[in-house]
Chemist: 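This structure is in structure tokens; I'll ask about it shortly.
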Amino acid sequence: QVQLVESGGGLVQPGGSLRLSCATSGSIFRFSSMGWYRQAPGKQRELAAEITSDGITNYVDPVRGRFTISRDNAKNTWYLQMNDLKPEDTAVYYCNARWGMNYWGQGTQVTVSS
């Protein structure tokens with residue numbers, strides 16, 4: 001069964017950076033897409049970024065130009081590089097993969113102080 005393990009969350013100052021990682025066993029080539037969702041306090045979950053198996057990326061408007069999603073096939077891992085973080089980026093971030101169905105990481109807290 002597919003298991004996703006997240007790391008990299010934490011507390012940062014506005015304007016700071018973090019890199020989130022999502023690792024799994026087995027080849028990531030089996031996934032049709034890989035991505036990151038986030039849920040801010042009092043708000044619904046939203047897609048932050050995703051990358052398809054052929055390398056096409058998609059970002060929610062508020063993070064475009066600040067966040068970058070990438071992958072490392074040899075390490076079976078994908079990343080979310082978050083730069084110029086803002087208080088409104090504060091959320092629990094969940095990594096996600098699709099392979100016939102959705103798989104989810106355990107969530108990692110990102111807090112940007114105000």
Side-chain angles (χ1 to χ4, degrees):
Q1 295 183 4
V2 175
Q3 187 172 36
L4 310 182
V5 180
E6 303 181 37
S7 62
L11 174 65
V12 297
Q13 297 291 112
S17 297
L18 284 174
R19 188 182 71 164
L20 307 182
S21 300
C22 187
T24 188
S25 60
S27 175
I28 63 174
F29 286 118
R30 67 188 187 275
F31 299 129
S32 60
S33 68
M34 295 146 281
W36 295 90
Y37 287 74
R38 65 183 186 178
Q39 187 165 17
K43 300 182 70 175
Q44 292 184 323
R45 183 188 64 179
E46 67 175 0
L47 176 69
E50 67 177 355
I51 183 168
T52 68
S53 59
D54 57 359
I56 299 172
T57 57
N58 181 46
Y59 300 93
V60 67
D61 286 344
V63 313
R64 189 172 291 111
R66 299 187 295 117
F67 291 11
T68 303
I69 187 169
S70 62
R71 63 191 179 196
D72 187 330
N73 296 333
K75 295 182 178 180
N76 298 325
T77 301
W78 60 100
Y79 306 93
L80 186 66
Q81 178 66 48
M82 303 183 292
N83 297 326
D84 191 25
L85 282 161
K86 304 178 183 299
E88 54 263 40
D89 296 318
T90 295
V92 178
Y93 285 72
Y94 299 90
C95 66
N96 164 267
R98 290 190 62 84
W99 184 35
M101 61 179 292
N102 278 308
Y103 298 90
W104 297 94
Q106 78 278 11
T108 185
Q109 178 70 47
V110 172
T111 301
V112 185
S113 67
S114 58

Chemist: Please report the interatomic distance CD1(I28) to CG(D72), rounded to the nearest 0.5 Å.
Modeler: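 Taking CD1 in I28 and CG in D72, the distance rounds to 7.5 Å.
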Chemist: Parallel, tilted or perpendicular: which one describes the rings of W78 and F31, with boundaries at 30° and 60°?
Modeler: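 Aromatic pair W78/F31 classed perpendicular.
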Chemist: Determine the minimum heavy-atom distance between P87 and S114, stating which atoms define it.
Modeler: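 Between these two residues, the closest heavy atoms are CG-CB, 4.0 Å.
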Chemist: Same hydrophobic cluster for W36 and Y79, using side-chain heavy-atom links shorter than 4.5 Å among ILVMFWY?
Modeler: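 The answer is no; the residues belong to distinct hydrophobic clusters.
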Chemist: Looking only at heavy atoms, what is the nearest atom pair of Q81 and L18, with distance?
Modeler: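 Closest pair (atom of Q81, atom of L18, distance): NE2-O, 3.5 Å.
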Chemist: List for me each residue that meets salt bridge (Lys or Arg N to Asp or Glu O under 4.0 Å) alongside K86, sequence neighbours excluded, and say none if there are none.
Modeler: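 Here the qualifying residues are D84.
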Chemist: Might you confirm whether atom CD of Q3 has over 12 heavy atoms from other residues, nucleotides or ligands at distances under 6.0 Å?
Modeler: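 It does not: Q3 CD has 12 such atoms or fewer within range.
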Chemist: May I ask you to test the Q109-T90 pair for a side-chain heavy-atom distance under 4.5 Å?
Modeler: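 Yes - at least one pair of side-chain heavy atoms lies under 4.5 Å apart.
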Chemist: Could you list the residues that satisfy side chain to side chain donor-acceptor pair (under 3.5 Å) with R98, not counting sequence neighbours?
Modeler: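 With sequence neighbours excluded, R98 shows a side chain to side chain donor-acceptor pair (under 3.5 Å) to N102, given in chain and number order.
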Chemist: Please list all pairs passing the side-chain hydrogen bond (donor to acceptor under 3.5 Å, both in side chains) test where one or both residues lie in residues 12-29, with sequence neighbours left out.
Modeler: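 Qualifying pairs: Q13-S113, S17-N83.
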Chemist: With side chain to side chain contact (heavy atoms under 4.5 Å, CB included) as the criterion, how do Y59 and I69 come out once you've worked through the C-alpha distance, each side chain's angles and the decisive distance to 0.1 Å?
Modeler: CA-CA 9 Å; Y59 300 93; I69 187 169; 3.5 Å; yes
Chemist: Transitively linked via ILVMFWY side-chain contacts under 4.5 Å: M34 with M101?
Modeler: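 Same cluster.
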Chemist: Could you work out, with side chain to side chain donor-acceptor pair (under 3.5 Å) as the rule, every residue matching D89, not counting sequence neighbours?
Modeler: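 Side chain to side chain donor-acceptor pair (under 3.5 Å) check on D89 returns R38, R66.
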Chemist: Please tell me whether I56 and V60 are part of a single hydrophobic cluster in this structure, the criterion being side-chain heavy atoms less than 4.5 Å apart.
Modeler: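 Different hydrophobic clusters.
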Chemist: Can you tell me how far the OG atom of S33 sits from the CD1 atom of I51, to the nearest 0.5 Å?
Modeler: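 The CD1 atom of I51 is 10.0 Å from OG of S33, to the nearest 0.5 Å.
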Chemist: Are side-chain heavy atoms of F67 and L85 found at a separation under 4.5 Å?
Modeler: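 Sidechains of L85 and F67: in contact.
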Chemist: Taking disulfide bond (SG atoms under 2.5 Å apart) as the cut-off, I'd like each qualifying pair that reaches into residues 64-114, sequence neighbours left out, listed once.
Modeler: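 Found C22-C95.
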Chemist: Supply the atom-to-atom distance T57 OG1 to R71 CZ, rounded to the nearest 0.5 angstrom.
Modeler: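 One gets 10.5 Å once the value is rounded to the nearest 0.5 Å.
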Chemist: Measure from the side-chain N and O atoms of Q106 to the backbone N and O of E6, and report whether any donor-acceptor pair falls under 3.5 Å.
Modeler: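 Present.
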Chemist: Share the residues that join W104 in a hydrophobic cluster, the rule being Ile, Leu, Val, Met, Phe, Trp or Tyr side chains under 4.5 Å apart at the heavy-atom level.
Modeler: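 Result for W104 is Y37, L47, V92, Y94.
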Chemist: So, does N76 use its side chain to make a donor-acceptor pair with the main chain of G26 at under 3.5 Å?
Modeler: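 Flag set: sc N76 to bb G26 pair under 3.5 Å.
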